[in-house]
Amino acid sequence: MANFRIYDGEANNVATKVFGGKSSGIRDWDNIKYPSMLDFNKALFAEYWNEDEVKLGKDVEEYREKLTPREREVYNIISGKLNWLDSIATDFNFVLGYLCTDSSVRSVISMIASFEQLHNRSYQYLTSTVLNQQEKEQAFEYTRRIPELVHRNEHVIKPIQEMVDAAKDYMLQMDSDGYKAYARDMFNLVQKFNKKEQTAESHTKFIQDIIDLTYKYSVQDRDIKISDELLLTILKGIVGNIVLEGLYFSGGFVYFHSLARDQKMIGSNNMISLIKTDENMHSTFYGMLIQIIMKEEPQLATKENYDYIMAYIKEAVAREKDWANYIFEGIDTLSIKEYHDYVEYLANLICRNAGLEEPYPENQELKSKWIATYGSKKRTGGEDEIVTRTDFLQGNAINYTHESGEDFDL
Ligand SMILES: [Fe+2]
Ligand SMILES: [Fe+2]
């Protein structure tokens, strides 16, 4: 009798709301509230790939022969860090999908979750191919051990964990009152049955009574409303996730692009570029979802909440810059200044996606063009080769832009 219903025969196929609404659960892609969901579903699926498409043979040699000890160390730390982010992303999507009441949106979320798992596999493939066993294990442990990294990561974990906790409370709370009454009525039913003479007819009636009782309570629970407090917690969780997707991931990818620019670890960078394309799409989707929530729940679209989001993103930028100062110390393939600019550029992107003002006017354009050159991908169709192309977002080639200037159809 939880509020998540895989099927509700009395509701329409078109959802009333993305969170706290109703829908039948039947997918009819011709008949959805937000047509962009079908575009997203197709676009995500079109990027389907497998980790072993990427050949890493040369990287195995180059890791030992071409990288400096510090470059190797940073390679390991960043690989482990990115794997951690994908681990969080997998579970975030799982929980959010459970809260979502629009089945077309839920389908997109589950598609995203499947790609996050693919990314996890990719980091396993990358590290177990290039590193030895000890280095690999260590790479996955850095996330717990480097205080600068822990500090940065806490910023995204907090709102996401709060969303997960609230989701759990929400489910239990929904259940508790209903379950008490349900348990009481069920107990009485069993008592009554036990007192009667046991016949084939009384057994059949008993089973039917159980079915009727269960149905009665499941119907009663259907109209329990979602609170504004929970909606806000979900919103904050999604904001945490867009920082995770659009800022913390993308920032980590740049190191691999910088090595590729230096003609090192091209295979690793090809894999990272595949992941990056997916993450950019996820970031766009979640920016759009924030806009949808603000439109569906105007009571959340307050100055206070927008100020919170902006302050949260700016704090994320500050922590990312601090992290960069630490991790790129002793690295010659990129400069910390250009990384700082890139972080601001990314923050502008995620704000734009979420319909917010860009907080860093100085970095509306990508200053370090090589990041787009070495951080993009396409398939040639020949022997599964993967080469560069204009980036999904950074070339401003967003599929979801319409001539009206709006980012998507609401
Ligand atoms: Fe991912
Ligand atoms: Fe993602």
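Whatever order the structure lists them in is the order used to number ligands and atoms, beginning at 1.
Residue pairs meeting the salt bridge (Lys or Arg N to Asp or Glu O under 4.0 Å) criterion with at least one member in residues 154-167, sequence neighbours excluded, are K158-E162.
Cation-pi geometry between K136 and F140 is satisfied (NZ or CZ under 6.0 Å from the ring centre, within 45° of the ring normal).
Salt bridge annotation for K276-E279: absent, with no cationic side-chain nitrogen under 4.0 angstrom from a carboxylate oxygen. Look at E71 and K66 and you find no salt bridge, because none of the NZ, NE, NH1 or NH2 atoms lies under 4.0 Å from a carboxylate O.
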Would Y312 and H155 satisfy ring-ring contact (aromatic ring centres under 6.0 Å, His included), going step by step from the backbone distance to the final call? CA-CA 8 Å; Y312 180 85; H155 193 55; 4.0 Å; yes
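For the Fe ion (ligand 1), the count of nearby protein N/O/S atoms, taking only those under 2.8 Å, is 4.
Using the six-membered ring where Trp is involved, W49 and H119 have ring planes that are parallel, under 30° apart on the 30 and 60° scheme.
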